[in-house]
Amino acid sequence: MARLIADKFKEWEKECESRFNQLKANEEELNRIFIEVYGLQDELTPEVEDKDVTVRKADLQREIKSLISYAVGCMFGRYSLDVEGLAYAGGVWDASKYQTFPADKDNIIPICDDEYFEDDITGLFVKFVETVYGKETLDENLKFIADALGGKGTPKEVIRNYFLNDFFNDHCKIYQKRPIYWLFDSGKKNGFKALIYLHRYQPDTIARIRTDYVHEQQSRYRTAMADLERRIADASTAERVRLNKQLAKLRDQSDEIRKYEEKIHHLADQFLPIDLDDGVKVNYDIFKDVLAKIK
């Protein structure tokens with residue numbers, strides 16, 4: 001059944017507005033009773049300002065970011081479209097809980113500025129939206145999401161840029177600088193980025209990131225650069241300028257990921273275990289050389 005996120009948001013907005021108005025009315029009625037009982041008519045008024053009401057009104061960008069966060073949770077298996085509440089936060093993994101939208105098998109989801117991997121986070125998010133809201137409304141729903149996030153480009157480009165530049169920072173704010181999704185990050189050039197879910201970490205996770213993703217990304221950069229060099233040789237002057245700019249970007253990313261591979265190689269060979277009881281801060285610090293800084 002095809003559905004529009006815009007319609008769902010309108011329903012949620014009306015529900016939030018109703019709850020907000022009801023709570024405000026209740027608080028003002030309690031104030032009136034208090035003022036009357038204690039004879040404070042000359043000192044206090046019963047009215048409550050909107051900013052002081054403890055229930056929030058709906059906020060489109062905040063709700064869309066919450067939807068994206070939930071989708072990432074479904075990608076990792078923390079949540080499931082088939083199970084209420086938390087589906088997995090440690091313990092025995094049960095793949096049968098994820099029939100409608102399968103959780104990522106290896107707990108490694110790359111974040112790329114192009115479609116380099118099948119399980120790239122942008123591609124998985126598009127599949128999530130299609131699964132939940134239907135194929136017929138997919139384009140309209142992606143545009144609604146992109147418009148709420150803001151930014152330039154096609155809806156997929158806007159969503160991809162959000163994952164590349166802002167998702168992890170928003171996640172850290174929500175979890176008060178104790179993220180449960182960890183961002184492996186090579187640096188400012190976006191040479192390599194990938195998320196894992198802390199509760200599914202295994203001692204061989206770093207080794208799999210290195211061999212299955214970092215090495216694969218390096219190979220794809222080499223292929224892309226070789227293709228650009230061939231195209232530049234036959235390009236017109238204007239086209240050559242554009243292609244050279246792309247080539248320079250890829251070279252920067254290739255150089256960045258080469259240095260990153262050396263760092264992650266050192267950790268991968270150690271097969272380091274973690275103890276969830278030590279908390280996020282202690283465990284995150286073990287891998288700080290290859291993880292994004294928490295801001």
Side-chain angles (χ1 to χ4, degrees), residues 1-9 12 60-61 63-89 93-151 153-168 170-171 174 180-184 190 192-200 205 208-209 212-213 216-217 220:
M1 179 181 174
R3 292 175 288 182
L4 291 173
I5 296 175
D7 292 341
K8 293 297 177 183
F9 175 74
W12 171 246
L60 178 57
Q61 187 177 85
E63 310 304 349
I64 288 299
K65 288 183 177 181
S66 293
L67 173 65
I68 292 172
S69 180
Y70 176 73
V72 173
C74 289
M75 294 175 201
F76 280 121
R78 178 174 175 81
Y79 304 112
S80 168
L81 296 178
D82 306 309
V83 177
E84 288 189 12
L86 277 177
Y88 185 82
W93 177 257
D94 182 1
S96 68
K97 289 183 177 180
Y98 311 97
Q99 300 299 315
T100 303
F101 184 79
D104 190 73
K105 290 182 179 179
D106 63 6
N107 187 38
I108 302 165
I109 300 179
I111 304 176
C112 306
D113 60 4
D114 207 338
E115 297 178 359
Y116 290 114
F117 294 94
E118 285 186 10
D119 62 346
D120 164 66
I121 197 165
T122 304
L124 289 179
F125 181 71
V126 171
K127 288 180 183 177
F128 174 86
V129 174
E130 181 179 329
T131 300
V132 175
Y133 298 100
K135 189 172 184 178
E136 296 86 350
T137 55
L138 178 61
D139 290 342
E140 192 169 348
N141 281 329
L142 292 178
K143 185 179 185 306
F144 182 77
I145 291 167
D147 288 345
L149 292 174
T154 66
K156 286 184 182 179
E157 287 170 346
V158 172
I159 293 166
R160 187 178 295 280
N161 285 333
Y162 174 70
F163 280 123
L164 270 172
N165 301 312
D166 298 314
F167 172 79
F168 183 69
D170 286 343
H171 175 65
I174 292 170
I180 58 170
Y181 308 134
W182 288 6
L183 179 62
F184 287 77
N190 293 328
F192 181 80
K193 278 183 165 70
L195 288 171
I196 69 164
Y197 176 31
L198 167 62
H199 293 288
R200 288 180 62 191
T205 296
R208 286 186 287 115
I209 290 173
D212 296 349
Y213 292 90
E216 181 64 26
Q217 185 71 64
R220 296 188 184 200

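Counting heavy atoms from C-beta outward, I64 and F144 have side chains that approach closer than 4.5 Å. At least one side-chain heavy atom of L149 sits under 4.5 Å from a side-chain heavy atom of I68. When side chains are defined from C-beta on, I209 counts as touching I196, because their heavy atoms get closer than 4.5 Å. Side-chain contact check for F125 versus I145: some heavy-atom pair is nearer than 4.5 Å. Within the 4.5 Å cutoff, the side chain of W182 has no heavy atoms near those of the T205 side chain. Two residues are said to be in side-chain contact when any heavy atoms from C-beta on lie closer than 4.5 Å; F101 and S80 fail this criterion.
Partner of H171 under the side chain to side chain contact (heavy atoms under 4.5 Å, CB included) criterion, out of L195, I180, D166, V72: I180 alone. Among the candidates L198, L124, N107, the single residue satisfying the side chain to side chain contact (heavy atoms under 4.5 Å, CB included) test with F76 is N107.
For E115, the CD atom is loosely surrounded, since the number of other residues' heavy atoms within 6.0 Å does not exceed 12. The environment of CD in E140 is sparse: at most 12 heavy-atom neighbours from other residues, nucleotides or ligands sit within 6.0 Å.
Counting only N and O atoms by type, the side chains of Y162 and D170 include a donor and acceptor under 3.5 Å apart. Counted by atom type alone, Y213 and D119 present one or more donor-acceptor pairs between their side chains at under 3.5 Å.
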### Message
Could you walk me through whether K65 and F167 satisfy the side-chain contact (heavy atoms from CB on, under 4.5 Å) test, starting with their C-alpha distance in whole Å, then the side-chain angles of each, then the deciding distance to 0.1 Å, before giving a yes or no?
### Response
CA-CA 8 Å; K65 288 183 177 181; F167 172 79; over 6 Å; no

### Task
Determine, stepwise, if the pair Y98 / Y79 fulfils side-chain contact (heavy atoms from CB on, under 4.5 Å).
CA-CA 9 Å; Y98 311 97; Y79 304 112; over 6 Å; no

### Stepwise salt bridge (charged side-chain N to carboxylate O under 4.0 Å, His left out) check, D120 with R160
CA-CA 10 Å; D120 164 66; R160 187 178 295 280; 3.0 Å; yes

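Atom CD1 in I121 sits 4.5 Å away from atom CZ in F163 (nearest 0.5 Å). Once rounded to the nearest 0.5 Å, the distance linking CG of D82 with NZ of K97 reads 11.0 Å. To the nearest 0.5 Å, atoms CG (L60) and CG (D147) are separated by 9.0 Å. How far CD1 of I159 is from CG of L142: 5.0 Å, rounded to the nearest 0.5 Å. To the nearest 0.5 Å, atoms OH (Y181) and NE2 (H199) are separated by 9.0 Å. Taking NZ of K193 as the start and CD of Q217 as the end, the distance is 11.5 Å to the nearest 0.5 Å.
In this structure, E130 contributes its side chain and K135 its backbone to no donor-acceptor pair below 3.5 Å. In this structure, the side chain of R78 does not engage the main chain of A89 through any donor-acceptor pair within 3.5 Å.
Among residues two or more places apart in sequence or in another chain, the side chain to side chain contact (heavy atoms under 4.5 Å, CB included) test is passed with S66 by none.
Scanning all heavy atoms of the two residues, the minimum distance from E157 to G153 falls at OE1-CA, 3.2 Å.
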